[in-house]
There are 2 protein chains.
Amino acid sequence: MTRYTKQARLLLAVDCIIFGFDGKELKLLLIKRGMEPEKGKWSLMGGFVQHEEDSESAAARILKQLTGLEGVYLEQLHLFSDPDRDPAERTVSAAYFALINIHDYENQLNEDYRAEWFPIHEIPRLIFDHSEMVQMAKAKLQYKAAFHPILFELLPGKFTIPELQTLYEAIYDTTLDKRNFSRKVLSTGLLIKQKDKDKENSKKGAFYFKLDKKRYTAKFHAFLNFIPNPDNLK
Amino acid sequence: MTRYTKQARLLLAVDCIIFGFDGKELKLLLIKRGMEPEKGKWSLMGGFVQHEEDSESAAARILKQLTGLEGVYLEQLHLFSDPDRDPAERTVSAAYFALINIHDYENQLNEDYRAEWFPIHEIPRLIFDHSEMVQMAKAKLQYKAAFHPILFELLPGKFTIPELQTLYEAIYDTTLDKRNFSRKVLSTGLLIKQKDKDKENSKKGAFYFKLDKKRYTAKFHAFLNFIPNPDNLK
DNA sequence: ACAAAAGTGTTTGGATTACACCCATGG
DNA sequence: CCATGGGTGTAATCCAAACACTTTTGT
């Protein structure tokens with residue numbers, strides 16, 4: 001059997017940039033690294049790709065290890081391959097970003113990792129090139145969410161329009177006109193109005209909506225233009 | 001020194017999806033694979049990432065090996081990591097796509113690889129998962145070119161508006177209205193009209209334009225909306 | 001003189017924006 | 001009864017699309 005005898009072998013890791021939204025702020029789930037080097041420092045959740053799995057499965061496995069969640073939105077971001085990125089040994093890392101419903105996650109948390117949610121504007125210093133990964137993930141999320149209805153992945157099954165607007169405002173660090181916003185969102189035909197209201201956040205109460213799963217799947221790649229001037233993104 | 005002793009090591013390759021434009025058609029540069037397995041079959045140009053280099057440098061090196069070109073537009077596409085993608089040995093591959101000016105390339109060709117340009121609609125069967133890579137690269141090129149002025153990378157330093165339009169039409173397999181197209185393109189302020197004309201392709205002759213490099217760099221990430229209805233892309 | 005491609009302007013409809021008031025409720 | 005946030009409509013503007021004729025010149 002043929003083998004590529006002269007070539008260098010290396011380690012393949014995956015790291016997950018895990019976004020969550022608590023109704024108010026965009027957050028990132030970080031852990032205290034459990035192994036040397038840099039043990040005890042803040043880090044993205046990661047792990048090594050095993051011999052019989054691809055990097056997508058590895059990312060899903062690792063995400064489940066930490067959060068207990070399956071079927072989460074997970075997308076390959078970038079391969080980071082600087083020869084010196086990990087001082088211990090040549091390791092390249094495929095970064096994935098995940099969008100999770102922060103409420104699903106509560107209670108399921110694997111205590112082993114001492115994970116914590118950090119507001120996106122208060123990310124601590126991270127090991128290796130993880131800060132760069134976070135930067136890139138943020139940029140990609142902004143880019144993608146400007147055109148595709150991806151942010152619903154961050155919300156619970158039932159949500160209100162004002163909640164959704166707060167989420168967009170958090171992602172883009174801006175404020176939006178609520179009349180224009182709700183018109184745009186509703187005009188996509190992706191939302192189904194419910195009979196009940198959320199009374200937590202206001203006296204009047206705001207109607208809940210659910211995603212129309214069929215149309216969501218169908219329109220996922222359509223260009224929806226939620227954001228007024230998507231220039232000056234990257 | 002710490003090492004990750006229990007983990008599996010593997011090979012990291014890069015493969016390049018090399019696009020070119022001959023003024024008429026979008027093309028892809030393929031080689032006859034020179035090693036086992038699958039020796040002699042059509043393949044993307046690729047190679048292994050060396051111990052002291054990152055995957056970007058490896059892709060640039062490999063591109064130069066084949067075409068002699070440096071400073072080429074090169075962008076990471078995706079990491080392909082199916083455990084069985086290479087039957088010889090576990091190898092993951094970072095795919096990069098390159099946009100080159102097909103005329104720069106002529107004459108410099110490295111004969112060793114028996115490379116040939118194939119029209120994008122007549123790609124032969126490729127080894128491993130290379131067809132999937134090509135598919136993804138095409139989709140990404142379409143996606144990106146709908147918003148960003150990336151296609152100039154495929155043209156020579158001097159080009160005409162009709163040439164540019166032909167290129168867009170080739171990428172999207174469609175036809176465009178030349179009045180609307182030229183207005184849009186010129187309104188970006190990216191083009192500088194030259195004094196001379198191309199007399200090859202018409203009796204009247206079409207004025208040459210050059211890219212305004214400064215503005216091109218500045219506006220590279222802006223949203224230019226060259227394509228009427230970018231829905232139904234992916 | 002005619003064929004072939006380049007170049008150019010106007011009109012129309014739809015979409016996006018800006019903007020302000022009323023509604024329902026809990027305290 | 002009033003403070004708080006939810007919900008809705010309209011007018012003005014801008015942008016994109018549709019569309020046709022004139023120009024140049026090689027043959």
Side-chain angles (χ1 to χ4, degrees), chain A residues 23-24 146-147 149 155 158-170 172 174-210 219 222-233, chain B residues 23-24 145-147 149 155 158-170 172 174-189 191-210 219 222-233:
Chain A
K24 205 71 199 157
F147 301 114
L155 292 171
K158 264 166 54 173
F159 53 86
T160 68
I161 305 272
E163 269 183 272
L164 183 62
Q165 182 171 345
T166 305
L167 172 54
Y168 274 89
E169 293 177 337
Y172 294 100
T174 185
T175 58
L176 299 169
D177 181 277
K178 67 178 172 175
R179 291 160 291 192
N180 293 336
F181 182 79
S182 93
R183 184 157 5 127
K184 260 187 195 181
V185 165
L186 293 173
S187 77
T188 62
L190 294 176
L191 300 190
I192 304 170
K193 192 173 190 168
Q194 304 302 113
K195 298 248 178 301
D196 52 335
K197 286 181 164 188
D198 161 45
K199 311 279 290 182
E200 303 268 302
N201 298 298
S202 75
K203 321 206 156 170
K204 183 174 178 182
F207 279 105
Y208 281 118
F209 287 80
K210 285 186 177 175
K219 281 205 171 184
F223 287 84
L224 298 176
N225 222 354
F226 284 125
I227 300 302
N229 279 310
D231 279 8
N232 61 22
L233 299 181
Chain B
K24 206 70 199 155
F147 301 115
L155 292 171
K158 264 165 54 172
F159 52 86
T160 68
I161 305 272
E163 269 183 272
L164 183 62
Q165 181 171 345
T166 305
L167 171 54
Y168 274 89
E169 292 176 337
Y172 295 100
T174 185
T175 57
L176 299 169
D177 181 277
K178 67 178 172 174
R179 290 160 292 188
N180 292 337
F181 182 79
S182 92
R183 179 151 13 100
K184 262 186 194 182
V185 165
L186 293 173
S187 76
T188 62
L191 300 190
I192 304 170
K193 192 172 190 169
Q194 303 303 112
K195 297 247 179 301
D196 52 336
K197 287 182 163 187
D198 161 45
K199 311 280 291 183
E200 303 268 302
N201 297 298
S202 74
K203 322 208 153 164
K204 184 175 178 183
F207 279 105
Y208 281 117
F209 287 81
K210 285 187 178 176
K219 281 205 171 184
F223 286 84
L224 298 177
N225 223 352
F226 284 126
I227 299 302
N229 280 309
D231 280 6
N232 62 23
L233 298 181

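All values below come from the heavy atoms of this structure, side chains included, with hydrogens, waters and symmetry mates left out. In what follows, chains carry the letters A, B, and so on, assigned in the order in which the sequence lines appear, proteins first and then strands, with residues in each chain numbered from 1.
- For the pair A:L191 and A:F159, the minimum side-chain heavy-atom distance is below 4.5 Å.
- One can place CD of A:Q165 at 14 Å from C1' of D:dT8, the figure rounded to the nearest angstrom.
- Taking atom CD of residue B:E169 and atom P of nucleotide C:dA5, one finds them 13 Å apart after rounding to whole Å.
- Each of B:K193 and A:K199 was matched to the nucleotide of DNA chain C holding its nearest heavy atom; the match closer to the 5' end belongs to B:K193.
- Around the NZ atom of A:K210, the shell of radius 6.0 Å holds no more than 12 heavy atoms that belong to other residues, nucleotides or ligands.
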Please evaluate residues B:N201 and B:T160 with respect to the criterion side-chain contact (heavy atoms from CB on, under 4.5 Å), reporting the C-alpha separation (whole Å), side-chain torsions for both, the decisive distance (0.1 Å), and the verdict. CA-CA 10 Å; B:N201 297 298; B:T160 68; 5.9 Å; no
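- Atom CD of B:Q165 sits about 8.5 Å away from atom OG1 of B:T175, to the nearest 0.5 Å.
- Counting to the nearest Å, the C1' atom of D:dA16 and the CG atom of B:L176 are 13 Å from each other.
- Between D:dG26 and B:K204, no contact under 4.0 Å exists linking OP1 or OP2 to a side-chain N or O.
- Atom OH in B:Y208 sits about 14 Å away from atom C1' in C:dA6, given to the nearest Å.
- At whole-Å resolution of the value, NZ in B:K197 and C1' in C:dA5 are 11 Å apart.
- Atom CG in A:N180 sits roughly 9 Å away from atom C1' in C:dC19 (whole-Å rounding).
- Bending across the helix from C:dA1-D:dT27 to C:dG27-D:dC1, expressed as the angle between its end axes from five pairs apiece, amounts to 0° (10° rounding).
- Relative to the side chain of B:F207, the nucleotides D:dG7, C:dT8, C:dG7 differ in distance, and C:dG7 lies closest.
- With A:F209 as the aromatic partner, A:K193 does not meet the cation-pi criteria of under 6.0 angstrom to the ring centre and within 45 degrees of the ring axis.
- Between B:K178 and B:R183, it is B:K178 whose nearest contact on DNA chain C lies nearer the 5' terminus.
- Mapped onto DNA chain D by nearest heavy atom, A:N201 and A:L186 fall at different nucleotides, with A:N201 at the one closer to the 5' end.
- Here B:K203 does not reach the OP1 or OP2 of C:dA6: none of its side-chain N or O atoms lies under 4.0 Å away.
- Inter-residue side-chain proximity for A:P149 and A:L190 is flagged as met; some heavy-atom pair is nearer than 4.5 Å.
- Using modelled atom types, one side-chain atom of B:E169 and one backbone atom of B:L176 make a donor-acceptor pair closer than 3.5 Å.
- The base of C:dA20 sits within donor-acceptor range of the side chain of A:R179, with an N or O pair under 3.5 Å.
- One interatomic measurement links the two molecules: CG of B:L164 to C1' of C:dG7, which rounds to 15 Å at whole-angstrom precision.
- Atom CG in B:L191 sits about 12 Å away from atom P in C:dG7, given to the nearest Å.
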